[in-house]
Each structure stands twice: as structure tokens, then as C-alpha cells.
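Worksheet: one structure, shown below.
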Amino acid sequence: MILKPRQVSDELKLMRILNARMELTEKDKQNYLNLEKGFEGELKFDALMENLQQERLILNDLLLEKNTTKFQIDSFHIAEKTVFHFEVKYFEGDYYIENDRFFTYSGKEILNPLHQLRRSETLLRQLLQQFGYSIPLESYLVFVNPSFTLYQAPKDPSIIFPTQLERFLLKINRVPSSNLTTRHSRLAEQLLGVHQIDDLYKRLPGYSFEGMRKGMCCANCGSFDLSVGKQIIVCKVCGKKEAVEQAVIRAIMEYKLLFPNSKLTTVVVYNWCNIISLKTIRRVLGNNFKQTGKSRGIFYNNLK
Ligand SMILES: [Zn+2]
């Protein structure tokens, strides 16, 4: 049973918007593409895990903290007698390890994901102890991209290569788990209870309202080339149709994610959407968002 489903993270959502609305530096662009790849890999991993037959509680994308250190868990499974922790990587192409250091084939050093796994494993074990659980913990680093190769790979059973995935699934599927109790659910609740809010704005590239491309983009292909009708917006590139109201709400949610502390007013949304009449903006805001203030001081908060 999936207790915490995987969703597009706010960081990836924000980077998608920034990529569409401003010129990213080469480094930021690479970071954005890595996030896309990471997410794609996690979805592939989730699809594989759907085939598991045994009963287990699944928590995805946990951000935990122990000893003032934050650490991310891609996937955590609570089975009857064991808990599993998975770090998922979607590396593509050739890599090598030398003196315990991890390199791309062209020689660029990257963080050794095995070190990352060990670090999270240690902190996770301490957290489980703190909660009063002595259930065995198994940690795995899973490479899910079939075109990944690691030269000079260590013989470490906690690393699962793409060619071993099938056997690995059979193996963990054989671990009996049919009797989950309230103690198991309690552990899941405790972990969800200490799940941290990511302070991601610090990591984002700098941006401002002025420096960003205004307008609406297609929900399907991201194009800004839209034709606006009375009720419907049509993408001139892919032909996708979307109700004006829905498209405006989507644009407002993008704005709110980018500028969480700024006041949402009719004029701000009008300038942001760029191609929608003030009258329509006023109607969409009034119909869908909670209103604060009066006459000229009106601004909007969250969705109704
Ligand atoms: Zn489109």
C-alpha cells in the first residue's frame, strides 16, 4: 500500500517554469535536466515495485533529519520483518570508480552515490532506534537505466545494476510479509510526522518578475503560442485545447509557486498572463480564490 505517493517535487515544478520563462545558465540547465532524469528514474522504479506481491507500506520521497543533518529517502518500504531503503539513480552511459571515487567516463568527478547511501542508512538507522524500532534495515542503491555501465564496480550486494533488477525483485518478493500490524503503521506515521519541508528556494537560480517571460503556456507542450477564444485556449503548436479558466488558474499557481510571499492582485495576474482580459482575470480570481481586503486593496489568497 502506497502511503506517500510520488509527486513532481516543487523544485522540479519551479525549475520547469524557470526553464520556460527565462534563460538558464548552462549549470542551472544541467541541474534542471538532472532533476527531470532523477524523477523519470524514480517513476521507473515505482513501476517495477508495483509488481511486488507481498504486503508492505511504501513511503516515497521522504526528507528526514537526524543530528541536524537532512537526508532524502527516495523510497522506504515497511515489510513485516524488514524495512527497505532505496536510493534510485537514473545515470545514463559509462561511469567508473577509482579509489572509492565516482567519475563519468570523461573523467568528471561526481558525488559517490554509494557514500550517499551509507550516510542516509546510518542516519535512518539512528532515527529508527530513536523511535524504538530494532527491525532490520536493508539499504540498496538501485540503478534503473538499462544503458548504465559502471567500470571497476565494487562487489557490493547493496548495489543493484540494471541487469540484476529482475533477480533482485524476485529476491525481495520472496521475503515473507503478510502480517502488518499497528506497530508497522505507527512507524510509517512517525516517519511522515518528521518529514521535513524542503527549503528549496535557496537552491534555485536567482529570478525576478521583471526578468521573466510573461504569458501563458500550453499544458501539453509548453508553447507560449496560443490563441485565446472566449471560453477555450488553443495551442497553435500541438492543438491542445484548455478552458480559459483552467489555464488562468494554472498560470496563477505557477506565479504563486515562484513568488510565495507576494500579494496576488488582479493587476499582477493580468500582467503575468499577458493575453487575458482584465475582466476575465477578475472573474477567475473571484470565482476560485479567497479574497481579502476591500475595493482598491483587494488581494487573493489560496484556492477556495
Ligand atoms: Zn501545445
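Nothing here was measured: the structure is a model prediction, and the numbers come from that model.
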Q: Test Glu98 against Arg101 for salt bridge (Lys or Arg N to Asp or Glu O under 4.0 Å), laying out the working first.
A: CA-CA 5 Å; Glu98 203 169 77; Arg101 292 160 68 191; over 6 Å; no

Check whether the ring centres of [X] and [Y] lie less than 6.0 Å apart, and answer yes or no.
{"X": "Phe259", "Y": "Tyr207", "result": "yes"}
{"X": "Tyr95", "Y": "Tyr105", "result": "no"}
{"X": "Phe168", "Y": "Tyr140", "result": "yes"}

Exercise. Partners of Arg282 by side-chain hydrogen bond (donor to acceptor under 3.5 Å, both in side chains), sequence neighbours excluded?
Worked result: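 Once residues adjacent in sequence are excluded, Arg282 has no partner under the side-chain hydrogen bond (donor to acceptor under 3.5 Å, both in side chains) criterion.
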
Heavy-atom neighbours of [X] [atom1] exceed 12 at 6.0 Å:
{"X": "Lys294", "atom1": "NZ", "answer": "no"}
{"X": "Phe103", "atom1": "CZ", "answer": "yes"}
{"X": "Leu170", "atom1": "CG", "answer": "yes"}

Roughly how far apart are Leu257 CG and Leu200 CG, rounded to 0.5 Å?
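That separation rounds to 8.0 Å.
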
Taken to the nearest 0.5 Å, the spacing of Glu40 CD from Tyr90 OH works out to 4.0 Å

Under the side-chain hydrogen bond (donor to acceptor under 3.5 Å, both in side chains) rule, what pairs show up with a residue in [range], not counting sequence neighbours?
{"range": "residues 252-261", "result": "Arg21-Glu254, Tyr255-Ser262, Lys256-Asn302"}
{"range": "residues 215-240", "result": "none"}
{"range": "residues 60-75", "result": "Arg6-Asn60, Arg6-Asp61, Asn60-Ser75, Lys66-Gln130, Asn67-Gln126, Ser75-His77"}

Output yes when a side-chain donor or acceptor of [X] lies under 3.5 Å from a complementary backbone atom of [Y], and no otherwise.
{"X": "Tyr133", "Y": "Leu187", "value": "yes"}
{"X": "Asn31", "Y": "Lys27", "value": "no"}
{"X": "His184", "Y": "Glu80", "value": "yes"}

Side chains of Leu48 and Lys44: does their closest heavy-atom pair fall under 4.5 Å?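 Leu48 vs Lys44: side chains apart.
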
Ignoring hydrogens and angles, state whether a donor on the side chain of [X] or [Y] is under 3.5 Å from an acceptor on the partner side chain.
{"X": "Ser277", "Y": "Thr280", "result": "yes"}
{"X": "Gln152", "Y": "Tyr96", "result": "no"}
{"X": "Asn19", "Y": "Lys29", "result": "yes"}

Val234 and Gly239 have their tightest heavy-atom pair at CG1-O, 4.0 Å

Note: Ser158 and Ser139 closest approach over all heavy atoms is CB-O, 3.3 Å

Residues pairing under salt bridge (charged side-chain N to carboxylate O under 4.0 Å, His left out) where one sits in residues 120-146, two or more places apart or in two chains, turn out to be Arg118-Glu121, Glu121-Arg125

With sequence neighbours left out, the residues meeting salt bridge (charged side-chain N to carboxylate O under 4.0 Å, His left out) with Asp94 are none

